[in-house]
Amino acid sequence: MEKLYCTTAHSPIGPLFLATSANGLVALEFDARSPGQQSIRPNPRHVREEKQSISWEESREQMLPYISELEQYFAGERREFSFPLDLRGTDFQLACWKALRAIPYGETRSYADIARVVGKPQAFRAVGMANNRNPAAIVVPCHRVIASDGTLCGYGGGLEVKRKLLELEGALTRTLAA
């Protein structure tokens with residue numbers, strides 16, 4: 001049975017749920033989620049199944065290194081995260097998430113740009129779905145992905161949160177602000 005540590009941290013964009021394994025950050029999720037949005041959090045409907053594979057332990061102490069870096073990010077003092085990640089997904093999702101992590105702080109890319117980076121130039125919709133399944137918001141910066149026309153589009157935390165994160169990073173242009 002795998003043990004995951006978890007906690008909820010407060011941030012300028014609302015509560016964030018964090019979970020880690022022995023290998024690194026597994027999830028950073030917005031507390032408020034859209035209906036149908038995936039979550040690693042225990043679901044009361046699936047407790048029997050989940051108890052067989054994952055043991056959860058609430059531990060703010062275990063999460064302090066992660067929370068500290070997030071606080072630095074929100075204070076404008078950190079542009080990259082140094083803690084290890086334990087991302088879980090398909091090979092395509094992992095490739096997309098790696099491409100997202102390569103987007104520099106303060107810059108944006110389109111879904112088509114990411115599709116080209118992962119070697120599937122026609123797969124921009126699949127890239128959108130991989131972004132939707134991103135388990136580590138902010139750290140795997142899917143907020144830096146915008147529509148090809150330069151406008152803001154879909155984000156698990158909502159467009160207002162996406163706008164705030166891009167403003168924090170200085171990536172909000174006149175086109176994006178419209």
Which side-chain N or O atoms in residues 120-128 pair as donor and acceptor under 3.5 Å with protein atoms at least two apart or in another chain?
none

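- Note that OG1 of T20 and CG of L28 are 11.0 Å apart. Values are rounded to the nearest 0.5 Å.
- No donor-acceptor pair under 3.5 Å is formed between the side chain of K162 and the backbone N or O of R144.
- In summary, the side chains of E2 and S55 do not present any donor paired with an acceptor at a separation below 3.5 Å, with no hydrogens or angles considered.
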R133/C142 under side-chain contact (heavy atoms from CB on, under 4.5 Å): CA gap, chis, key distance, verdict: CA-CA 10 Å; R133 301 279 192 251; C142 55; over 6 Å; no

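- Residues that satisfy the ring-ring contact (aromatic ring centres under 6.0 Å, His included) test with Y111, not counting sequence neighbours, are absent from this structure.
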Step-by-step side-chain contact (heavy atoms from CB on, under 4.5 Å) determination, L152 to L166: CA-CA 10 Å; L152 296 183; L166 292 172; 3.5 Å; yes

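- Taking 4.5 Å as the limit, some side-chain heavy atom of V26 sits within range of a side-chain heavy atom of R88.
- Heavy atoms only, all atoms of each residue included: P135 and L87 are closest at CG-CD2, 3.9 Å.
- Taking all atoms of both residues into account, the shortest heavy-atom contact from M63 to L18 is CE-CB, 3.3 Å.
- Looking at E58, E61, E57, Q62 one by one, the single match for side-chain hydrogen bond (donor to acceptor under 3.5 Å, both in side chains) with T7 turns out to be E58.
- Sequence neighbours left out, the pairs with a member in residues 89-112 that pass salt bridge (Lys or Arg N to Asp or Glu O under 4.0 Å) are E107-R109.
- Cluster membership for L94 and V118, using ILVMFWY side-chain heavy atoms within less than 4.5 angstrom, is shared.
- Under the side-chain contact (heavy atoms from CB on, under 4.5 Å) criterion, A147 pairs with D149, T151, C153, sequence neighbours left out.
- Within the structure, every pair that satisfies the ring-ring contact (aromatic ring centres under 6.0 Å, His included) test and touches residues 76-103, not counting sequence neighbours, is listed here: Y66-F83, Y73-F81, F81-F83.
- For the atom pair CZ of R78 and CD of E71, the computed distance is 11.5 Å after rounding to the nearest 0.5 Å.
- In this structure, the side chain of N134 engages the main chain of V140 through a donor-acceptor pair within 3.5 Å.
- Both L25 and Y105 are part of a single hydrophobic cluster, where members link through side-chain heavy atoms under 4.5 Å apart.
- The residues R163 and E160 are annotated as salt-bridged, a charged nitrogen and a carboxylate oxygen being separated by less than 4.0 angstrom.
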Derivation and outcome, side-chain contact (heavy atoms from CB on, under 4.5 Å), residues I67 and R60: CA-CA 9 Å; I67 293 169; R60 186 160 179 87; 3.4 Å; yes

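- Not counting sequence neighbours, F74 has no partner by the ring-ring contact (aromatic ring centres under 6.0 Å, His included) test.
- Taking hydrophobic clusters as Ile, Leu, Val, Met, Phe, Trp and Tyr residues chained together by side-chain heavy-atom distances below 4.5 Å, V117 does not share a cluster with L100.
- Here E69 contributes atom CD and E80 contributes atom CD; the two are 10.5 Å apart, rounded to the nearest 0.5 Å.
- Contact annotation: the side chain of I138 approaches that of I13 to within less than 4.5 Å [non-hydrogen atoms, C-beta and beyond].
- Aromatic ring orientation, H143 versus Y155: perpendicular (interplanar angle above 60°, classes split at 30° and 60°).
- At least one side-chain heavy atom of I103 sits less than 4.5 Å from a side-chain heavy atom of V145.
- The number of heavy-atom neighbours closer than 6.0 Å to CD of E77, taken from other residues, nucleotides and ligands shown, is above 12.
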